[in-house]
Amino acid sequence: RFVPQPEDRFTFGLWTVGNRGRDPFGDAVRPTIAPTTIVRELSRLGAYGVTLHDNDLVPIDATPAERDRIVREFKAALDDHHLAVPMVTVNLFYDPVFKDGALTSAAPAVRRFAVDKAKRAMDLGHELGATIFVLWGGREGAEVDAAKDPRDALRWYRESLNELTDHIIRNGYPMRIALEPKPNEPRSDIYLPTVGSMLAFIQTLDHAERVGVNPEVAHAKMAGLNPVHEVAQAIDQQKLFHIDLNDQRIARFDQDLRFGSDDLKGTFYLVKLLEDSGYDGPRHFDAHPYRTEDIEGVWQFARGSMRSYLAYREKVRRFHQDGEIQAVLARIQKLHSEGPAIDGEASLNWWRERGYAYEELDQLVTELLLGMR
Ligand code: GCO
Ligand code: MN
Ligand code: MN
Ligand code: MN
């Protein structure tokens, strides 16, 4: 039980298990792990795939020959260990050239460089078999709104995305773009900070059908929002192309906590939503092992992420099979559907006086999660 299998579709970014624990106050605490080692270990633990930024695999200054050798060795490792690469992304935030944005830089030269880098990352992704291209605009934001009109930034963002969907279509890639919103960090304010803002923006693109969202639990929480409602809206619009699973406390810095480790009830409802909706994309973990950990702790982190998902999924199954919970739900449903039509004071009062039994229901869910049912 709770042993992850490839069919569970668990994936990890190279940058997650490979995170070296650097933070704004302290240096790396762990050595670099070679991408091929990550492939081997994730496969051993039962993952389905691995994801990457272009530069997690190929250094930004690699020569074409070096690039080809690195990609060849990586592909060999994927083959040996039967791991897929369903998603790739592009790093448009680390290099100082992107300090005032990439796709939304006010400088056409920087935007050109960024769009071309993203195209090359798409080519790499296609070569590795990826059909999802995530774009997280980490530097697409501002501290000083006097310097850049946000309307210009949005226009540049749109033009860049139109060029990127053209690149996909022209090359015949079976690839879709998933935009990942985040409210802040590293910028003071990042443009298009929530799933809702991304969804509205997507409708203004030339090829809206090729573009969806990649919501992240932590990012919704950083904005003080309920990730379940954000993901639900994406599903409602058939725009949930991918998802970043982790955990986060409200009103904190970007914590990247292990999935399901902090907010048990919130995580339960998220897994319930994913499972009940029939979402069949990757369950992608975007989190970091605690800075206190050595390599052994890193693999515990990876194993724990997947085990927790399976444990929550098991709780969802029990929720649907629990006689008492289902009886309360049936009672609530009956009340809503069979209560009287409102056509005067008496029927109005009937509805006014009704209790909805949500206390009872919520307690049952709590007890389910506490292992009492
Ligand atoms: C963050 C983001 C990133 C992106 C990644 C993929 O908070 O740093 O979540 O981890 O998901 O860059 O585009
Ligand atoms: Mn994040
Ligand atoms: Mn993310
Ligand atoms: Mn982060």
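Counting convention: from 1, in listed order, for ligands and their atoms alike.
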How close does the nearest protein non-hydrogen atom get to [atom], and which residue and atom is it?
atom                    : value
atom 8 (O) of ligand 1  : Trp136 CH2, 3.4 Å
atom 6 (C) of ligand 1  : His53 NE2, 3.5 Å
atom 13 (O) of ligand 1 : Thr89 OG1, 3.1 Å
atom 7 (O) of ligand 1  : Lys182 NZ, 2.8 Å
atom 3 (C) of ligand 1  : Asp286 OD2, 3.5 Å

ask   = Which value, rounded to the nearest 0.5 Å, describes the distance between Tyr290 atom OH and Ser261 atom OG?
value =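 The OH atom of Tyr290 sits 4.5 Å away from the OG atom of Ser261.
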So does [X] pair up with [Y], basic N to acidic O under 4.0 Å?
X      : Y      : answer
Arg331 : Glu360 : yes
Arg249 : Asp262 : yes
Glu209 : Arg176 : no
Asp254 : Lys182 : yes

Give the name of the N/O/S atom in [X] that lies closest to the Mn ion (ligand 3).
X      : value
Asp244 : OD2
Glu180 : OE2
Glu216 : OE1

Just which atoms of ligand 1 are under 4.0 Å from any heavy atom in [X]?
X      : result
Phe93  : 12 (O)
Val134 : 13 (O)
Asp254 : 7 (O)
His219 : 1 (C), 2 (C), 7 (O), 9 (O)

N or O pair under 3.5 Å between Asp256 and ligand 1 =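 Looking only at distances, the answer is no, because the N/O contact criterion of under 3.5 Å is not met.
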inquiry  = Are any of the N/O atoms on Asn214, whether in the backbone or the side chain, positioned under 3.5 angstrom from an N/O atom of ligand 1?
reply    =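 Min N/O separation from ligand 1 is not below 3.5 Å for Asn214.
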Is the distance from the ring center of [X] to that of [Y] below 6.0 Å?
X      : Y      : answer
His284 : Trp15  : yes
His53  : Phe93  : yes
Tyr312 : Phe268 : no
Phe285 : Phe259 : yes

query = Which part of Glu180 is near ligand 1, with near meaning a heavy atom under 4.0 Å away: side chain, backbone, both or neither?
reply =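 Side chain only.
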key: Within reach of ligand 1, part of Asp244 (heavy-atom separation under 4.0 Å)   =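 Looking at Asp244 and ligand 1, just side chain atoms fall under 4.0 Å.
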task = Determine which pairs satisfy ring pair (Phe, Tyr, Trp, His ring centres under 6.0 Å) with at least one residue from residues 180-210, sequence neighbours left out, and list them in order.
result =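 For residues 180-210, and leaving out neighbouring residues, the ring pair (Phe, Tyr, Trp, His ring centres under 6.0 Å) pairs sorted by first residue read Tyr157-Phe201.
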ask   = Only one of Arg112, Arg111, Arg158 forms a side chain to side chain donor-acceptor pair (under 3.5 Å) with Glu163, so which one is it?
value =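 Option passing the side chain to side chain donor-acceptor pair (under 3.5 Å) with Glu163: Arg112.
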query = Does Leu92 offer a backbone N or O that forms a donor-acceptor pair with the side chain of Glu140 under 3.5 Å?
reply =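 A pair under 3.5 Å: no.
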inquiry  = Closer than 2.8 Å to the Mn ion (ligand 4): how many protein N, O or S atoms are there?
reply    =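 Near the Mn ion (ligand 4), the number of protein N, O or S atoms below 2.8 Å is 2.
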His288-Asn246 side chain donor-acceptor pair, cut-off 3.5 Å =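 There is no such pair (donor and acceptor under 3.5 Å, judged by atom type) between the side chains of His288 and Asn246.
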message = Taking the cut-offs as 6.0 angstrom to the six-membered ring centre and 45 degrees off its axis, would you call Arg139 and Phe98 a cation-pi pair?
response =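 Not flagged: Arg139 not positioned over aromatic ring of Phe98.
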